[in-house]
Amino acid sequence: MARMTFAEAARRALAEEMRRDPLVWALGEDLVQGGIFGQYRGLAQEFGAERIVSTPISESTIMGAGLGAALCGTRPVVEMRIADFTLCAMDELVSQIAKVRYMFGGQGRAALVVRMPQGMWRNSAAQHSQCLEAWLTHIPGLVVAAPGTPADAAGLLKAAIRSDDPVVLLEPKNLWTAEGEVPDDVAPLPFGVARQAAQGDAATIVTWSACVPVVEQGVRESGIACDVFDLRSLWPWDEGAVVASARRTGRLLVVHEAVTVSGFGAEVLARVVEALGPAGLRAAERLGAPRAPVPFSPPLEDAMRISPARVADAVRRVAAR
Amino acid sequence: MARMTFAEAARRALAEEMRRDPLVWALGEDLVQGGIFGQYRGLAQEFGAERIVSTPISESTIMGAGLGAALCGTRPVVEMRIADFTLCAMDELVSQIAKVRYMFGGQGRAALVVRMPQGMWRNSAAQHSQCLEAWLTHIPGLVVAAPGTPADAAGLLKAAIRSDDPVVLLEPKNLWTAEGEVPDDVAPLPFGVARQAAQGDAATIVTWSACVPVVEQGVRESGIACDVFDLRSLWPWDEGAVVASARRTGRLLVVHEAVTVSGFGAEVLARVVEALGPAGLRAAERLGAPRAPVPFSPPLEDAMRISPARVADAVRRVAAR
Amino acid sequence: MAGASNETARRIAMLRDMARIRAFEREAVAAMRAGEAPGVVHPSIGQEGVAVGVCANLRRADRITSTHRGHGHAIAKGADAGAMMLELHGRAGGCCGGKGGSMHIADFTVGMLGANGVVGAGIPIACGAAQAIRLKQEEAIVACFFGDGAVNRGPFLEGMNWAALYRLPVLFVCEDNGFAAFTRNSAVTAGGGPAVRAEACGVPATVVDGEDVLAVDGAAADLVARIRAGGGPQFLHAKCYRWEGHTGTDAAAYRPAEEAAAARDRDCIGRLRAALEAAGVAATEIAAIEADAEAEMASHRAAAMAAAWPDLGAAFSDVQDSGAPAWPA
Amino acid sequence: MAGASNETARRIAMLRDMARIRAFEREAVAAMRAGEAPGVVHPSIGQEGVAVGVCANLRRADRITSTHRGHGHAIAKGADAGAMMLELHGRAGGCCGGKGGSMHIADFTVGMLGANGVVGAGIPIACGAAQAIRLKQEEAIVACFFGDGAVNRGPFLEGMNWAALYRLPVLFVCEDNGFAAFTRNSAVTAGGGPAVRAEACGVPATVVDGEDVLAVDGAAADLVARIRAGGGPQFLHAKCYRWEGHTGTDAAAYRPAEEAAAARDRDCIGRLRAALEAAGVAATEIAAIEADAEAEMASHRAAAMAAAWPDLGAAFSDVQDSGAPAWPA
Ligand SMILES: Cc1ncc(C[n+]2csc(CCOP(=O)(O)OP(=O)(O)O)c2C)c(N)n1
Ligand SMILES: Cc1ncc(C[n+]2csc(CCOP(=O)(O)OP(=O)(O)O)c2C)c(N)n1
Ligand SMILES: [Mg+2]
Ligand SMILES: [Mg+2]
């Protein structure tokens with residue numbers, strides 16, 4: 001165990017995978033310079049410019065070349081810089097990468113990772129703050145992972161690289177510098193297994209990504225003992241654990257940074273209601289962002305953010321039902 | 001009233017709007033040739049090549065130019081050919097068009113329409129069959145309309161053109177040739193007002209777009225009297241009517257062609273559960289596509305489609321709860 | 001005369017491939033019109049010389065990426081035409097298990113990495129394939145086919161720059177049939193055309209008469225040799241004409257009938273036939289090749305009509321390993 | 001000598017604008033480093049000559065589109081620097097109500113259609129703006145600014161072709177400062193560069209020393225005149241250098257210090273200052289202009305720090321009319 005930042009944990013995990021498998025390589029803008037969050041620092045020196053490839057500002061081709069390279073047997077790590085820029089490569093991700101195995105009847109597979117750091121990061125405004133995880137869970141063919149701790153950043157990145165499915169890894173921009181304990185020998189995490197962060201009978205709280213520490217703190221502040229799940233991966237997601245808990249507590253609260261409307265919280269809520277029947281629950285609610293772009297000004301941005309205090313309020317409300 | 005196809009109703013509505021307002025114009029591939037579904041037939045002859053503009057295969061610029069043209073006071077109708085190709089223009093739609101008014105503090109508005117015919121159409125396979133309405137409802141700034149009848153195709157297109165908001169119009173590819181009664185003088189439809197297609201106390205059935213006729217028939221086949229709502233617009237959507245009905249019937253079924261996981265059905269279900277509390281309902285379910293791409297082969301494609309028989313089964317199941 | 005007869009044999013092989021492509025597509029269009037092959041078929045009839053002239057210079061280990069109009073590329077690269085015909089009919093045994101259809105025809109066993117329903121989408125894929133080939137130190141190149149319409153899409157620019165920058169082993173082949181769907185491409189394209197655009201991004205370009213398979217073959221041989229020698233990407237702009245409409249149901253009313261008729265007079269197959277006859281190959285031998293091609297494809301079509309539909313489970317397989325869909329209730 | 005003095009007055013105005021941009025950005029970077037201006041600031045210090053030389057030839061009715069590095073374009077087009085400084089501080093009264101910040105600076109009242117956080121995104125927008133101008137028969141043109149990094153994005157190709165095809169009144173201005181974020185752009189760009197690419201798509205191109213505002217002014221005057229005369233789009237490739245890092249916090253360790261120092265010696269402001277002094281303008285007059293600019297921007301910064309935050313309701317306004325978000329519970 002060692003204490004380190006999210007970025008450092010991710011950096012080490014990638015380095016370890018690149019040492020293990022010479023077919024792993026990474027491509028994206030400014031990678032030789034270390035990436036914009038330092039998550040590639042030093043890797044070009046160790047692995048050379050053929051495996052840590054700085055690219056032009058050509059998002060369609062960064063993504064599409066990742067696919068071509070996967071079809072020819074390498075394991076590319078496709079760096080999108082931030083999730084918003086993936087919007088410049090959506091055809092490549094959704095109509096090509098996600099579908100290639102299926103539409104060619106299993107002849108080829110897109111064994112690659114798309115890293116797309118997402119979410120708010122102090123005052124980046126509307127075009128640099130989006131959370132798009134719900135979109136990706138809607139797309140057949142994609143695995144969607146969303147670490148919320150440094151250890152999981154490492155474990156999920158390793159799992160993503162070794163997976164034969166295309167895996168989208170949503171790293172929370174706001175947590176790159178957050179610290180946590182990371183095992184010396186990080187094992188790849190299985191997809192679809194939540195981490196239970198707290199236990200209690202009052203309610204079942206589900207969250208992921210940047211909201212993980214916020215929810216943990218908010219639940220503590222509420223003083224109410226709840227089951228808290230950090231999903232870690234959104235597709236597949238740990239429906240079994242969440243439904244079992246909700247059956248016991250009878251109360252579900254899903255918290256995420258993304259816009260509430262058509263966010264992944266809707267899917268979690270809907271599945272739990274479908275699984276237990278509405279009568280099996282006393283409360284089922286979501287806490288997310290209003291359906292508005294993210295504003296620049298600090299107090300305005302804060303008004304859109306999930307805070308521990310808002311989580312605590314919601315926990316109290318749900319627990320009281 | 002006259003009987004006509006969906007495509008013809010839409011064609012007439014656009015022609016009427018273009019006659020009414022010289023600032024309305026359309027751009028997209030093959031428009032001078034009438035568009036691929038005939039929905040622009042004859043318009044180039046009437047309005048000339050400056051207002052019915054055939055463009056290169058440049059989706060990013062078709063979309064982005066629409067925005068620039070709106071910011072300078074015209075009202076462009078942006079034709080995407082099919083929704084799947086919008087994936088080539090997502091940055092322009094999501095990070096530019098949807099956000100421009102907000103991020104510039106109201107200085108400019110994207111008063112434009114994006115037409116994106118969507119969904120399955122006999123054996124078009126994975127890259128030409130996607131339903132992406134849930135994505136769009138998740139994006140602040142966008143209005144999302146989804147007509148399911150020829151009359152609504154006309155009324156919603158007129159409303160979209162006159163709206164000062166950017167409106168995405170999802171025309172169901174499978175219904176272009178479907179016929180229906182269309183008023184001689186089509187009025188623009190207000191957004192957020194559902195059409196109630198049937199009445200009954202057994203359950204509340206919600207649907208839209210290509211599933212409208214399928215659900216109407218399936219409910220008839222079930223022999224069970226239900227409230228059936230064709231939402232017509234998905235953002236805003238007629239939460240009031242649906243919640244009021246579900247309060248009475250206690251049973252909700254949402255049916256759509258899109259993949260169930262993270263589809264807009266999840267949002268409808270979640271809102272109804274949040275509004276009534278889970279205890280206010282005896283059943284809440286969704287019927288959509290499995291999380292798989294759309295296959296080519298007819299029997300495989302049929303296995304993914306919503307059919308009247310599957311709707312009837314679901315209605316019986318929900319009504320029995 | 002071993003050289004000459006080798007050369008004649010090579011030309012006869014090219015004629016056979018062109019005849020097979022044409023016969024395949026004639027059957028495919030007929031099947032589509034008869035309602036036997038579902039969905040949409042984009043025939044490349046008249047353009048066979050490009051696919052064949054290029055692929056004659058490729059090895060099995062080489063890869064190709066293709067377009068919505070991809071039957072010819074697939075057959076020229078050695079794909080199994082029977083499995084392709086099954087695929088067009090959506091039947092079990094189709095090269096994509098019936099899940100792809102005409103627009104997603106593929107045969108990875110011969111390096112055919114897939115047709116594509118999105119214009120220009122093969123360009124970035126080809127670039128990445130070439131990067132993988134380099135990383136794995138394989139001896140192979142990539143040929144990337146696309147239409148003239150694709151030169152107006154962003155990925156065209158990105159891919160040209162990318163391939164030139166990393167000096168990738170890619171042969172870009174622009175099949176310029178003059179049309180993008182129902183629009184004459186010159187009506188929506190400015191500047192000096194595909195070759196000029198490629199060169200502006202650092203990819204050397206060659207223009208060739210795509211209706212002359214020997215010219216294509218000669219140009220491709222030269223370019224492929226340069227690429228194999230480590231010379232970086234090359235661009236081949238092949239001018240041709242699409243005899244049929246955009247799809248099997250498009251009557252192509254947007255262009256003069258004489259124009260299409262004139263293209264038929266320039267037939268790539270007819271020209272090679274004439275050249276072979278002039279070189280002393282018997283007309284009967286050529287006729288037999290063409291008859292064989294027609295018989296082969298007619299039998300593939302009959303076999304496809306007789307074949308079983310795929311198992312319904314195929315609709316839910318090969319999506320993904322983690323989080324795969326369950327067979328619905 | 002009225003002509004000469006008019007010309008001198010014009011040059012003095014250009015000097016003033018350049019000095020104001022530089023002073024604005026010095027304050028902005030300082031405010032960012034002090035933690036007073038939130039988020040990220042991309043300074044264009046050293047590149048002022050391009051914005052000013054181009055905008056000196058624009059009228060109020062003309063439009064511009066801009067980039068993430070847009071302060072200079074905005075000020076040169078006549079935007080209110082005080083409202084801009086408020087915006088950078090996220091305060092009420094900011095030109096975007098505090099909702100946009102530095103990367104989304106805009107002033108529609110002077111035709112500044114907005115900075116953009118997405119590289120290259122202004123290119124299609126400029127094309128559409130020009131189409132609207134034509135449809136409305138307005139007398140105006142559009143100037144579209146972008147960096148050298150943008151020439152590797154797909155929309156660059158699409159937009160060049162589009163503007164040339166429809167002969168739109170657009171002046172494309174490529175501000176080539178040699179870097180795309182932390183990467184030297186020549187290391188990721190193949191071929192003959194921005195001008196060659198534009199010409200390949202049918203847009204005539206001119207290359208100019210962007211560190212010489214008079215050269216930029218002269219070239220822009222010529223190109224703008226051609227555009228106003230209906231000559232279709234034109235491309236101006238202006239070579240310059242970014243004195244600061246990519247953002248206010250980037251130390252630019254990826255380039256030699258001498259290179260940046262050499263660029264400072266070519267200072268566009270210094271060169272115009274020298275030219276004016278040579279033309280007989282008093283050094284004191286020039287010093288006063290620069291001092292005024294500094295005083296103006298210092299006072300804007302002080303005003304911004306004293307200004308109120310926006311009303312919280314602003315977070316929920318101007319999203320859309322139909323389906324607008326409710327103030328959260
Ligand atoms: C991105 C995208 N836009 C539009 C289409 C619709 N479309 C299919 S084929 C085609 C024309 C393509 O022309 P070209 O590239 O010249 O190929 P050709 O059909 O002539 O072989 C169009 C517009 C598409 N498939 N993909
Ligand atoms: C589509 C997209 N990709 C990546 C980025 C991240 N990014 C912001 S500025 C920049 C460099 C842009 O270089 P250039 O166009 O030369 O403009 P400059 O910063 O030099 O003014 C990059 C890569 C972005 N904003 N948009
Ligand atoms: Mg073509
Ligand atoms: Mg630059």
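Just so it is clear: chains get the letters A, B, ... in the order the sequence lines come, proteins before strands, and each one is counted from 1.
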Structural part of B/Leu27 lying under 4.5 Å from a heavy atom of chain D: side chain
Could you look at B/Gln107 and say if it's the side chain, the backbone, both or neither that has a heavy atom under 4.5 Å from chain D? both
Structural part of [X] lying under 4.5 Å from a heavy atom of chain B:
X	answer
D/Ala106	both
D/Thr65	neither
D/Leu165	side chain
D/Ala163	neither

Would you please test D/Asp318 and B/Lys99 for salt bridge (Lys or Arg N to Asp or Glu O under 4.0 Å) and show each step? CA-CA 9 Å; D/Asp318 273 324; B/Lys99 297 180 177 35; over 6 Å; no
Tabulate, in ascending numerical order, the residues of residues 49-61 of chain B having at least one heavy atom closer than 4.5 Å to a heavy atom of chain D, or enter 'none'.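 Residues of residues 49-61 of chain B touching chain D at under 4.5 Å: B/Glu50, B/Arg51, B/Val53, B/Ser54, B/Thr55, B/Pro56, B/Ser58, B/Glu59, B/Ser60, B/Thr61.
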Using heavy atoms and a sub-4.5 Å threshold, report which of residues 235-244 of chain B line up against chain D, by residue number. B/Trp235, B/Pro236
Check for a donor-acceptor pair, side chain of B/Asp165 on one end and backbone N or O of D/Gln320 on the other, with a separation under 3.5 Å. no
What heavy-atom pair brings D/Ala115 and B/Phe104 nearest, and what distance separates the two atoms?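 Heavy atoms of D/Ala115 and B/Phe104 come nearest at O-CZ, 3.5 Å.
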Among [options], which residue has the highest count of heavy-atom pairs closer than 4.5 Å to chain B?
options	answer
D/Ala324, D/Ala315, D/Gly98, D/Ala126	D/Ala315
D/Ala121, D/Ala132, D/Cys96	D/Cys96
D/Pro310, D/Cys127, D/Ala140, D/Ala129	D/Ala129
D/Glu138, D/Lys136, D/Glu87	D/Lys136

Are any of the side-chain heavy atoms of D/Val319 and B/Arg101 separated by less than 4.5 Å?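 Of all side-chain heavy-atom pairs linking B/Arg101 with D/Val319, none is under 4.5 Å.
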State, yes or no, whether a side-chain contact exists between D/His104 and B/Met103 at a heavy-atom distance under 4.5 Å.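 They are in contact (side-chain heavy atoms under 4.5 Å apart), so the answer is yes.
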Are B/Gln96 and D/Asn116 close enough that a side-chain donor and a side-chain acceptor fall under 3.5 Å?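 Yes.
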If you tally heavy-atom pairs under 4.5 Å against chain D, which of B/Gly105, B/Ser233, B/Gly106, B/Cys72 wins? B/Cys72
